[in-house]
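Values in this document were obtained by computation on a predicted structure and should not be read as measured data. All chains are named by letter (A, B, ...) in the order of the sequence lines, taking the proteins before the strands, and each is independently numbered beginning at 1.
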There are 2 protein chains.
Amino acid sequence: MVNESEKLIRSTQLLRSFWSIQKNIVRFVQKTAVENGLSVPQYTVLMTIILQKEMTQKQVGEQTFLPKSTLSQAVDGLVRLGLLNRQQLESNRREMQLSITEKGEAFLKKMHLQDGGIHHLFQSAMEPLTDKQYEDLLESHLILSTYLESQAREGM
Amino acid sequence: MVNESEKLIRSTQLLRSFWSIQKNIVRFVQKTAVENGLSVPQYTVLMTIILQKEMTQKQVGEQTFLPKSTLSQAVDGLVRLGLLNRQQLESNRREMQLSITEKGEAFLKKMHLQDGGIHHLFQSAMEPLTDKQYEDLLESHLILSTYLESQAREGM
DNA sequence: TTCAAACTGTTCAAAAGTGAACTGTTTAAA
DNA sequence: TTTAAACAGTTCACTTTTGAACAGTTTGAA
């Protein structure tokens, strides 16, 4: 049986555990982004859009939680760099349809293969994990993020 | 057997998995911090120091990866708020010895018990995890963070 | 000793991020 | 229709974060 104070200890421990990985991810994402002339929000936007090739700015905002002014500026920069296409949605002219350009795709691909980049680093870090550990990890993360996302919606 | 392209897929998937949790943690840490009149770096510093009660500013920097100008300002604010003690180390007058004040400890404790705070949220999120899943999760994270930390040192 | 290099932290100008007010669009109630 | 409220995105002034130059301290080679 797990009492209240035990639960607080556990949640603190798990948070610290995530934080210790998180700070490293952020550090390397930052490094990778800056080396390629992007800000962290810009990198985040690209990584989000590449999954579906085409999304509205609104959807990107919902997925990333970036404040809309930050998002607007990030997108603007990416468009100016020629990495994103942006055009009003005909069905609703308030919304912006975003899609990654060929240049954008090539850019991301190059970034990911980069030596010393975050992906390369993570591949090495994962090496000691067994297949089972990897699968379990993804599953546990999904359980947590599902709950967190559901809560996130509320405070908006 | 896992080939190179499979490895890239996996590392991308795991990174995304962490990111989806991370963005929620950051969001709530931000919220919790702001509600209590702190910046995120300040909250980070407090959470780091509470573990050992007493650390040098240098050590805090090594643990958090905060740029030293950010760290300096964060600490300065915390000292001004009366949450941290700061004094030169007699054994090396370049270094600053930091310790949490009673007020600081009480402050953190209050924050952690706060309803709707990040700890409260995480406790609920963890509910569906079995003990085994929890243990495995911590273990896998430890494997990953151990490697990441060892690499982090290099680019400094 | 002396003094140059390494170090720890601070300062400050510049860069990045963000809240709030705004523009233009859509919706739907009157 | 008309029009007020809701909505998506932009702008801009303000805040926060950060790199680079700096001040003071320590180290160790000469």
With respect to the side chain of [X], which nucleotide from [options] is positioned closest?
X: A:Ser69; options: D:dT17, C:dG19, D:dT18; value: C:dG19
X: B:Arg94; options: D:dT26, C:dT10, C:dT18; value: D:dT26
X: A:Ser39; options: C:dT25, C:dT11, C:dG17; value: C:dG17
X: B:Thr70; options: D:dT18, D:dT10, C:dT25; value: D:dT18
X: A:Gln57; options: C:dT25, D:dG9, C:dG9; value: D:dG9
X: B:Lys58; options: C:dG9, D:dT10, D:dT17; value: C:dG9

Whole Å only: how far is the NZ atom of A:Lys68 from the C1' atom of D:dC7?
8 Å
Between atom CD in B:Gln97 and atom P in C:dT8, what is the gap in whole Å?
14 Å
Salt bridge between B:Arg10 and A:Asp131, side-chain N to carboxylate O under 4.0 Å?
yes
Side-chain N,O (B:Ser72) to OP1/OP2 (C:dT10) below 4.0 Å
yes
Ignoring hydrogens and geometry beyond distance, is the side chain of B:Gln73 in donor-acceptor contact with the base of D:dT17 at under 3.5 Å?
no
Whether B:Lys110 engages the ring of B:Phe107 as a cation-pi pair (distance to the six-membered ring centre under 6.0 angstrom, angle to the ring normal within 45°) should be assessed.
yes
Go nucleotide by nucleotide along DNA chain D from the 5' end; which of B:Val40 and A:Leu71 gets its closest nucleotide reached first?
A:Leu71
